[in-house]
Colleague: 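Sharing a structure, written as structure tokens. Questions coming.
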Number of protein chains: 2
Amino acid sequence: MSSSRTKDKNPIPSVWAREQRRTDQPALSRDAIVREAIAMLDAEGIEALSMRKLGARLNAGATSLYRHVATKDELMELAVDEVAAEIHVPPADSPDWRAAVTEAAESFRTTALRHPWLTLVLGQAGLAYLGPNYMDFSERLAALFTAAGFAEPSRAIETVFSYVMGMSNAEAAWLTTVARSGETEADFIARLMPAAQRAAADHSHLAIPHSEVEEATTDPVALRDMKFAYGLEVVLDGLALRLPK
Amino acid sequence: MSSSRTKDKNPIPSVWAREQRRTDQPALSRDAIVREAIAMLDAEGIEALSMRKLGARLNAGATSLYRHVATKDELMELAVDEVAAEIHVPPADSPDWRAAVTEAAESFRTTALRHPWLTLVLGQAGLAYLGPNYMDFSERLAALFTAAGFAEPSRAIETVFSYVMGMSNAEAAWLTTVARSGETEADFIARLMPAAQRAAADHSHLAIPHSEVEEATTDPVALRDMKFAYGLEVVLDGLALRLPK
DNA sequence: CCGCTCTGCGTACAGTGTTCGCATCGAAGG
DNA sequence: CCTTCGATGCGAACACTGTACGCAGAGCGG
């Protein structure tokens, strides 16, 4: 690729031989770093991101990044908050609260699957220090659930989004292993099916119904969508019982 | 500390100076390695576990471990499966299915909080290759839900345990950051409360009710227990609606 | 023109997972 | 009893990682 600004090993160091600062290449900045980090995380996975590789992608040295970001962990927190902006929560005055919550839940799932490292970082960070976008997200959810009439909106939110996070986390992990295999999801499933059947043979209650096998190998995406929707409906039904009527 | 078998730097290497193999110290074995790894993970957290430190704990060199374990990832999978044996699932013929499922869910949560790295590894591994204990756990759950009368037990299980995993994951992350602070959970909360209040000032719907502040600073464990139980009841209510009566 | 702050980066350090080849062992076979 | 052999432990080494430090230059206010 193109060389960094001054890395050419010129035998005679000279002012004249020095490269000009390439201003067309945008300057190193916190935002640019975070954006590129997200791109790398999405493309190559969480354990492929290193400060050196990230620096190289930005035509910069690894240690230059530390002028804009205190530590790699901080960079991850910034990436999480940046991505949190993608989650869409309908306004609080939506006529149908169930539809609105469903929309928010599906939006969360979509972003979590688009950035499969999201739930991992959220699990590690401990959510002690939350960024502005994440706070906005929480605030909108609180408004939505309050408007829906819940006496203790935080309880309801925790319930729904524990389910959503648990499901998204499992799906993201699954999609990551599928991606690592280099196969289509359907092919991957088809290849693993014999082993799964053999394993299930010793555990009578784990038999997989034929209909599910069929759908898993033809349209696995639709199957996952449906599973997620099913569980979400269950949770919302349980919550609806607690709504004062 | 005590020296490893042959590490004494004897200037004159001699057969006679060689230490005897200490047979009272149990030999290096796969099980011993996994056990010690779990102890380390529990005590010092997931990022504190390195092959070298683990070897040192076992009075062995780091590379000796590779005779019994192919890779660090495999070691983690073994640790996960070992820990999965601690989860208790009531027998399928339990009279009250809700009580039985509640017991299983609470048992999962307890082990996930006893080993706060569990959910992290589960999220990374992708659950492609499951160990025997984890299979047993799944099998028992399937039996329980089938006996309860669910037409599609796997759907119901996925719903409940997505919630349980999401909640446990968040709690484990929280407890990890609390532990890192070196304070009591109550002290930690009390110290962070002003900042939280200030942050909530800009987000009107995020206000924390006084009763909750009070309980969080006096008995945070009970508060977490109750939150978990609340969400679980919600999910079970939603599932009960789908049970043929 | 001086000085000062800001930014980039080369070097270096401590630590990581893992490979390789050598030393040593207990047991099996002649 | 001596020899051979497979299993086991391990020191050295390799390719990485995150990050601290100090120097070099750029741009700017005085």
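To find a chain, count down the sequence lines: A is the first, B the second, and so on, and within it residues start at 1.
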Colleague: Round to the nearest Å and state the distance from B:Ile33 atom CD1 to D:dT8 atom C1'.
Modeller: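 It works out to 11 Å between those atoms.
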Colleague: Would you mind reading off the distance between B:Leu65 atom CG and D:dA7 atom P, rounded to a whole angstrom?
Modeller: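 Between P of D:dA7 and CG of B:Leu65: 19 Å.
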Colleague: If the condition is side-chain contact (heavy atoms from CB on, under 4.5 Å), which residues does B:Ser181 pass it with, not counting sequence neighbours?
Modeller: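 If we apply the side-chain contact (heavy atoms from CB on, under 4.5 Å) test to B:Ser181, skipping adjacent residues, the hits are B:Glu183, B:Phe188, B:Arg191.
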Colleague: Below 4.0 angstrom, which residues in residues 40-50 of chain B have at least one non-hydrogen atom near DNA chain C?
Modeller: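 Within this stretch, B:Leu49, B:Ser50 sit under 4.0 Å of the strand.
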Colleague: Measure from CG on B:Leu28 to C1' on C:dC25 and round the result to the nearest Å.
Modeller: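 That distance rounds to 15 Å.
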Colleague: Is the shortest side-chain N to carboxylate O distance from A:Glu86 to A:Arg114 below 4.0 Å?
Modeller: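 Salt bridge present between A:Glu86 and A:Arg114.
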Colleague: Checking A:Glu171 now: which residues fulfil side-chain contact (heavy atoms from CB on, under 4.5 Å) with it, not counting sequence neighbours?
Modeller: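 Applying side-chain contact (heavy atoms from CB on, under 4.5 Å) to A:Glu171 gives A:Arg109, A:Leu113, A:Met167, A:Arg224, A:Phe228.
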Colleague: Nearest-Å distance, NE2 (B:His68) to C1' (D:dG9)?
Modeller: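 For the pair B:His68 NE2 and D:dG9 C1', the rounded distance is 8 Å.
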Colleague: Below 4.0 angstrom from OP1 or OP2 of C:dT16, is there any side-chain N or O of B:Lys53?
Modeller: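 Result: yes.
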Colleague: Return the set of residues passing side-chain contact (heavy atoms from CB on, under 4.5 Å) with B:Ser138 (not counting sequence neighbours), or none when no residue passes.
Modeller: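 For B:Ser138 the side-chain contact (heavy atoms from CB on, under 4.5 Å) partners, ignoring immediate neighbours, are A:Leu206, B:Tyr134.
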Colleague: So, are A:Glu215 and A:Lys227 salt-bridged, with charged N and O less than 4.0 Å apart?
Modeller: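 No, no charged N to carboxylate O under 4.0 Å.
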Colleague: Report yes if at least one side-chain N or O of B:Ser64 is closer than 4.0 Å to OP1 or OP2 of D:dC10; otherwise report no.
Modeller: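 Indeed, a polar side-chain atom of B:Ser64 lies that close.
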Colleague: Taking it one step at a time, do B:Leu141 and B:Phe161 satisfy side chain to side chain contact (heavy atoms under 4.5 Å, CB included)?
Modeller: CA-CA 10 Å; B:Leu141 276 183; B:Phe161 279 83; 3.5 Å; yes
Colleague: Show the distances under 3.5 angstrom between N or O atoms of the protein and N or O atoms of nucleotides 19-21 of chain D.
Modeller:
| from | atom 1 | to | atom 2 | distance (Å) |
| --- | --- | --- | --- | --- |
| D:dT19 | OP1 | A:Thr71 | OG1 | 2.4 |
| D:dT19 | OP2 | A:Tyr66 | OH | 2.7 |
| D:dT19 | OP2 | A:Thr71 | OG1 | 3.3 |
| D:dT19 | OP2 | A:Lys72 | N | 2.8 |
| D:dT19 | O5' | A:Tyr66 | OH | 3.4 |

Colleague: Table please: side-chain donor-acceptor pairs of residues 28-39 of chain B below 3.5 Å, with sequence neighbours left out.
Modeller:
| from | atom 1 | to | atom 2 | distance (Å) |
| --- | --- | --- | --- | --- |
| B:Ser29 | OG | B:Ala32 | N | 3.2 |
| B:Arg30 | NH1 | B:His68 | O | 3.1 |
| B:Glu36 | OE2 | B:Arg57 | NH1 | 2.9 |

Colleague: Provide, to the nearest angstrom, the distance between the CG atom belonging to B:Leu58 and the C1' atom belonging to D:dT8.
Modeller: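 Rounding to the nearest Å, CG of B:Leu58 and C1' of D:dT8 are 15 Å apart.
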Colleague: Is a salt bridge present between A:Arg180 and A:Glu47, judged by a nitrogen-to-oxygen distance below 4.0 Å?
Modeller: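 Salt bridge between A:Arg180 and A:Glu47, a charged N being under 4.0 Å from a carboxylate O: yes.
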